[in-house]
2 protein chains.
Amino acid sequence: MKAITIKDIAKKCGVGVSTVSRAINNHPDISEETRTMIMEVIKESNFVPNKSARNLKLLDTKTIAVLIKGIDNPFFQNMIKVFEEEIQDRRYSFILHRVDSNQDEIEVALELIKEKRLKGIVFLGGNFSHQEEKLKEINIPFVLSTIAIAGDVDKNLYSSVCVDDKNESEKVVNFLCNQGHTKIAILAAGKSDQSISKLRIQGYRNALIKRNIPINENLIRHINDNENIQIIENGYKLMKELLASGEEFTAVYSISDSMAIGASKAILENGKRIPQDYSIVGFDGLDITYYYNPSITTIRQPVEEMARETTKILFDLINKKTQNQHRVFQGELIERESTSELNR
Amino acid sequence: MKAITIKDIAKKCGVGVSTVSRAINNHPDISEETRTMIMEVIKESNFVPNKSARNLKLLDTKTIAVLIKGIDNPFFQNMIKVFEEEIQDRRYSFILHRVDSNQDEIEVALELIKEKRLKGIVFLGGNFSHQEEKLKEINIPFVLSTIAIAGDVDKNLYSSVCVDDKNESEKVVNFLCNQGHTKIAILAAGKSDQSISKLRIQGYRNALIKRNIPINENLIRHINDNENIQIIENGYKLMKELLASGEEFTAVYSISDSMAIGASKAILENGKRIPQDYSIVGFDGLDITYYYNPSITTIRQPVEEMARETTKILFDLINKKTQNQHRVFQGELIERESTSELNR
DNA sequence: TTGTATGCGTTATCAA
DNA sequence: TTGATAACGCATACAA
């Protein structure tokens with residue numbers, strides 16, 4: 001069974017293909033009469049235009065793609081909604097494209113740009129340890145959102161929106177120190193991570209160093225390199241190991257809320273109390289941290305505002321109202337039940 | 001700056017376009033020599049073939065699309081991984097396409113079929129209250145996965161994989177009854193829902209009716225129609241209302257784990273204990289139910305196996321090894337800390 | 001207001 | 001083993 005095309009419709013209607021095309025695309029230069037007639041036939045015939053053909057022909061497509069690495073990250077879900085709203089409000093169409101963890105997001109972007117004639121791209125998540133050369137190949141506006149870029153890259157080549165991971169991390173550790181904690185464990189990503197995990201560990205170290213608190217390397221715990229910090233179980237396992245190790249500590253800082261949940265469970269299963277025996281802090285500000293029992297102290301990233309700013313910068317770039325920009329947001333430390341003063 | 005095409009590459013290499021095409025697509029009838037030469041030039045020039053043109057020309061594309069409605073549903077995340085694996089194992093390419101809650105998934109499917117020359121489709125999530133007519137328009141194999149189809153539709157028109165929502169729901173309520181509970185509240189989706197929520201409420205009713213336990217309509221609580229059962233907060237609010245209403249009950253059955261979490265928090269915030277004051281059961285089998293404190297009794301849907309079976313049926317259909325099939329999986333009741341015998 | 005013809009960038013057929 | 005050329009389905013410049 002051959003697929004139905006615009007030609008078939010034209011034939012059925014006794015008109016030319018261009019007239020059908022005009023009807024479909026709401027062109028003004030067509031009589032209302034023939035338009036409705038054509039649309040009628042189209043509906044009857046269940047005709048659906050072929051987008052590939054359309055994209056091939058068009059050189060101007062008002063569409064934005066969001067390339068997301070780690071679509072299972074609950075942290076991104078609210079951002080996606082904002083992207084969709086903001087983009088559609090501006091009469092652009094929105095494409096959400098998932099990129100696999102072992103795919104190169106720039107390659108994917110390059111393909112998509114050609115295929116869909118994109119006007120702009122948002123890169124959401126991932127490490128982005130790319131060469132400048134690669135970045136330069138992207139010849140349309142793009143913004144890196146919540147991505148820590150590894151290495152030295154010319155800031156004029158890209159725009160970005162994120163929180164200052166190092167600084168926010170320092171904030172967390174300072175908070176714990178202010179409560180009297182000095183033996184603070186940190187649950188981090190794989191050892192070879194060069195992205196947010198690395199930055200947050202740096203913040204952890206900085207905070208301790210500034211207070212002359214000795215750093216116990218045994219309290220810096222990593223999951224495996226092929227594992228994900230968004231998996232609750234990984235925090236759970238890490239904490240079980242830490243507890244079993246006999247290493248002394250009074251507080252735990254998990255670089256993700258998900259692992260903080262897992263860690264909490266491990267602590268509770270060991271018959272210990274939160275926060276009386278161990279204080280625990282997460283990072284991200286997921287909803288679940290409020291609903292967990294006990295509720296979990298965390299750094300909330302202002303995800304909606306960040307998403308909004310991302311699209312704003314992107315459209316400013318598209319409309320040539322701005323050069324590449326880098327916007328750094330503040331996180332908000334939300335104190336909850338999982339942390340308390342250390343009683344010595 | 002005009003985009004670079006296969007013609008430019010051909011010119012640069014001093015060969016014809018068809019030779020370049022052959023090089024790109026690993027055709028056998030080309031000398032290794034020219035192949036490497038061409039690939040070299042392609043790399044240097046950063047040439048990326050245009051997929052729209054490719055899809056337009058091709059009539060045989062080994063690709064499967066998964067159309068997912070409710071991508072923020074944590075329940076689907078593990079399934080997606082399985083789909084990707086299974087599909088790629090069979091040397092097909094995998095497209096994950098998100099469909100918005102107010103979009104018609106069949107329209108989207110029809111567009112995608114034409115655009116990408118799909119070989120098969122998986123519909124994941126959503127209500128699917130479609131006419132038979134619409135279903136018939138889809139002229140390639142497809143499977144509905146974890147979708148409750150509303151109304152009477154000829155089973156020969158589609159394949160499906162799901163759990164028996166009504167039956168599993170009955171299982172939950174029976175379990176609570178066996179523990180001595182008779183005043184059981186249920187937290188459900190919006191009143192006008194015609195999908196899983198409706199079925200699970202039916203199961204709830206059936207279980208009670210079979211035991212001659214009177215049904216208190218005030219214990220059947222609905223969220224708003226425009227709200228989502230995957231949002232923790234919705235369970236929280238619903239439970240707050242229920243507690244404030246003064247209606248008596250000893251157990252709560254939430255039709256989603258997410259709402260069960262929210263409900264648990266509401267109970268705990270009210271100074272009540274789980275399960276001593278209220279038993280609570282969820283549905284889905286999300287990881288978080290294990291990690292929550294207390295851990296939550298739930299019905300686990302065997303998501304991985306269901307995803308695997310979905311792809312199996314789909315490929316059997318593609319390879320004409322089978323007619324349309326309907327596979328119903330059993331859920332597994334996992335008893336945890338959130339439920340206990342009622343002490344009167 | 002409408003129809004004809006051309007080209008978008010690829011792949012496949014055919015001839016060389 | 002190669003190259004020229006005809007589609008694929010649509011939008012549009014141009015002619016009518």
Nearest 0.5 Å, what's the NZ-CG distance between Lys312(A) and Leu314(A)?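 Going from NZ on Lys312(A) over to CG on Leu314(A), the span is 11.5 Å.
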Quickly work out the Ile9(A) CD1 to dA11(D) C1' distance and round it to whole Å.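 Atom-to-atom, Ile9(A) to dA11(D), this comes out as 16 Å.
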Protein-nucleotide distance (Lys51(A), atom NZ; dA11(D), atom C1'), rounded to Å: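 Distance, rounded to whole Å: 16 Å.
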Per the salt bridge (charged side-chain N to carboxylate O under 4.0 Å, His left out) rule, which among Arg54(A), Lys119(A), Arg117(A), Lys116(A) passes with Asp60(A)?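 Exactly one pass, corresponding to Lys119(A).
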Is it true that the side chains of Ser52(B) and Ser52(A) contain a donor and an acceptor less than 3.5 Å apart?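 No, no side-chain donor-acceptor pair sits under 3.5 Å.
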Please list every donor-acceptor pair under 3.5 Å in which a side-chain atom of residues 65-73 of chain A meets a protein atom from a residue at least two apart or in another chain.
from: Lys69(A); atom 1: NZ; to: Gln103(A); atom 2: O; distance (Å): 2.8
from: Lys69(A); atom 1: NZ; to: Glu105(A); atom 2: OE1; distance (Å): 2.9
from: Asn73(A); atom 1: OD1; to: Phe75(A); atom 2: N; distance (Å): 2.9

Sequence neighbours excluded, which residues qualify as ring pair (Phe, Tyr, Trp, His ring centres under 6.0 Å) partners of Phe123(A)?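 Phe123(A) satisfies ring pair (Phe, Tyr, Trp, His ring centres under 6.0 Å) with Phe128(A), Phe142(A) only.
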What do you reckon, is CD of Glu44(B) surrounded by more than 12 foreign heavy atoms closer than 6.0 Å?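 More than 12 within 6.0 Å, yes.
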Can you confirm whether Glu115(B) sits close enough to Asn55(A) that some side-chain heavy atom of one is under 4.5 Å from a side-chain heavy atom of the other?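 They are in side-chain contact.
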Main-chain N/O of Thr63(B) paired with Thr61(B) side-chain donor or acceptor, under 3.5 Å: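 No; judged by distance alone, with no hydrogens or angles, the pair does not exist.
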Spell out, as yes or no, whether a donor-acceptor pair under 3.5 Å connects the side chain of Asn50(A) to the backbone of Lys114(B).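 Here the side-chain-to-backbone pair exists.
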Angle by which the axis turns from one end of the helix from dT1(C)-dA16(D) to dA16(C)-dT1(D) to the other, five pairs per end, to 10 degrees: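 Result, rounded to 10 degrees: 40°.
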Contacting residues from residues 31-45 of chain B, given that a heavy atom lies under 4.0 angstrom of DNA chain D: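 Result for residues 31-45 of chain B: Ser31(B), Thr34(B), sorted by number.
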Would you mind writing out the side-chain donor-acceptor pairs for residues 12-24 of chain B within the sub-3.5 Å range, not counting sequence neighbours?
from: Lys12(B); atom 1: NZ; to: Ser45(B); atom 2: OG; distance (Å): 3.4
from: Ser18(B); atom 1: OG; to: Arg22(B); atom 2: NH2; distance (Å): 3.3
from: Ser21(B); atom 1: OG; to: Asn25(B); atom 2: ND2; distance (Å): 3.4

Letter by letter from the 5' end, nucleotides 7-16 of chain C scores (B base, S sugar-phosphate only, - none; protein heavy atoms under 4.0 Å) BBBBBB----
